[in-house]
Amino acid sequence: MNPGTASNVHAFDKRLLARMIGALGDDKTIGRIALELGQVFGELLPGIYRAEIGHDIAIGYAGFKTGLRNELVAGLGDGVLLADVSLRNWCQDFQIGCDSPVLITLVEALLGAEPTSIGEPQPRSMSQIEIDVAVPIFEKIADVLHTAVNAPGGFEPAVSRPYNSEARLKPDPAIEDIHAASIDMTIGLGPVLSTFSVIVPQSVLLKTQIVPPKGAGQDNKAKSEWTEQLEEQVRRSAVTLEARVRLESLTIDTISRLQPGDVIPFHDGQDVRVDVNANGRELYVCEFGRSGAKYTVRIKDTHGSEQDILRHIMG
């Protein structure tokens, strides 16, 4: 190849190539599919959530965005919970993201709080217990999508355990990003209005025909098995307890001279008071004792009702 020939060689337009192979669509086509899917979410999810948590949930279509997938995921921002999802015979890798405030509010509602009395939480990373509760919330979004896209074969969506957005692995620069679309939905509970998004490769959306399910909004059960599952997950989540015993007051000079083997007496002379807490929240007042070879504490009083204790732990 001589210099003159080399000067006539130009890189092929990647966007044009993506359009030619069906990996990139025009906004009108993507927007129509996103709207149809958003209408299904808006029709089905309010009835599901109303039946399963006993509160009115507002769901609305909030539009769509297009771009490279990694940029769309990063654009969801901080304080977002993410899950990686696959649905055989439709899409092997797509994402669901949900703002944390509405998930925090749902936890409060499951613990007995009236949503209208809950102040709007600030977006933040979520605890492992809150993530436990969020698992079926993401699964229901995936289930509704599964019904709408009617993927052949009857396979169920596989949803990863949700994780905080800052925990997402950084993209491998050696792997070329793909064109995707983010279908954005508002989700409101009481005074809290958040957003959840479903981010899907455009190559998948362009081959998708949205099928509105029959019988939408007809589930009027007062409390479903899903609600019981959520409540059970809250109650069965493991929590580390700490017990504190008040010791005799010592001078700084004495404390500085303590050596292994020295003994510090308890402050209480008779029944030794022990304060038990979890996540820094006081739960119980106990007394110190022994059972065989093990030291124990016996609960004498609690800091509030069962619901109060659950809220303390969740907070």
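Every value quoted in this text rests on a predicted model; they were computed, and no experiment measured them.
- Separation of atoms CZ (R246) and OG (S249) is listed at 6.0 Å; rounding is to 0.5 Å.
- In this structure, the side chain of Q92 does not engage the main chain of S86 through any donor-acceptor pair within 3.5 Å.
- One hydrophobic cluster holds both M185 and V102 under the rule that ILVMFWY side chains link at heavy-atom gaps under 4.5 Å.
- Between F138 and F196, the ring centre distance reaches or exceeds 6.0 Å.
- Panel note: side chain T208, backbone V204; a donor-acceptor pair is recorded below 3.5 Å.
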Apply side-chain contact (heavy atoms from CB on, under 4.5 Å) to residues R161 and I131 and explain how you reach the verdict.
CA-CA 8 Å; R161 176 177 170 79; I131 291 176; 3.5 Å; yes
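- V149 and L87 get closest at one heavy-atom pair: CG2-CD2, 3.9 Å.
- Cluster annotation: Y61 and I59 are assigned to the same hydrophobic cluster (Ile/Leu/Val/Met/Phe/Trp/Tyr, side-chain heavy-atom contacts under 4.5 Å, transitive).
- With respect to E71 and K65, no salt bridge is recorded, no charged nitrogen being found less than 4.0 Å from a carboxylate O.
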Does the side-chain contact (heavy atoms from CB on, under 4.5 Å) test come out yes or no for I33 and K207, once each step is laid out?
CA-CA 10 Å; I33 299 170; K207 299 176 183 177; over 6 Å; no
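- One finds no salt bridge joining D78 and R124 here, because no Lys/Arg side-chain nitrogen approaches an Asp/Glu carboxylate oxygen to under 4.0 Å.
- With hydrogens and angles ignored, the 3.5 Å screen pairs a side-chain donor or acceptor of S165 with a backbone N or O of G77.
- Between the side chain of S100 and the backbone N or O of G79, at least one donor-acceptor pair lies under 3.5 Å.
- Side-chain heavy atoms closer than 4.5 Å link hydrophobic residues (I, L, V, M, F, W, Y) into clusters, and following such links, possibly through other members, connects L45 to V85.
- Looking at E108 and T105, their side chains never bring a donor and an acceptor atom within 3.5 Å of each other.
- Using a 3.5 Å distance cut-off with no hydrogens or angles, the side chains of D184 and S182 do pair a donor with an acceptor.
- From I48, atom CD1 reaches atom CD of E43 across 10.5 Å, with rounding to the nearest 0.5 Å.
- Scanning all heavy atoms of the two residues, the minimum distance from P46 to I57 falls at CB-O, 3.6 Å.
- Between D301 and R273 there is no salt bridge, since no side-chain nitrogen of the basic residue lies less than 4.0 Å from a carboxylate oxygen of the acidic one.
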Would D262 and R257 count as a salt bridge (Lys or Arg N to Asp or Glu O under 4.0 Å) here? Give the steps.
CA-CA 10 Å; D262 290 344; R257 297 173 184 274; over 6 Å; no
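- Side-chain atoms of N164 do not come within 3.5 Å of backbone N or O of A167 as any donor-acceptor pair.
- Checked for salt-bridge contact, R69 and D93 meet the test: a charged N lies under 4.0 Å from a carboxylate O.
- Once rounded to the nearest 0.5 Å, the distance linking CG of L35 with CD1 of I30 reads 13.0 Å.
- Going from atom CD1 of I264 over to atom CD1 of I255 covers 7.0 Å, rounded to the nearest 0.5 Å.
- Within the 3.5 Å criterion, the main-chain N or O of P101 finds no donor-acceptor partner in the side chain of D99.
- The closest donor-acceptor contact from the side chain of D84 to the backbone of S160 lies at 3.5 Å or more, if one exists at all.
- To the nearest 0.5 angstrom, K140 atom NZ is 12.5 Å from I96 atom CD1.
- The two atoms that bring T195 and S197 nearest to each other are CG2-OG, 4.0 Å, heavy atoms only.
- Side-chain contact check for F266 versus E248: every heavy-atom pair is 4.5 Å or farther apart.
- Checked by atom type and distance alone, the side chain of H146 pairs as donor or acceptor with a backbone atom of F155 at under 3.5 Å.
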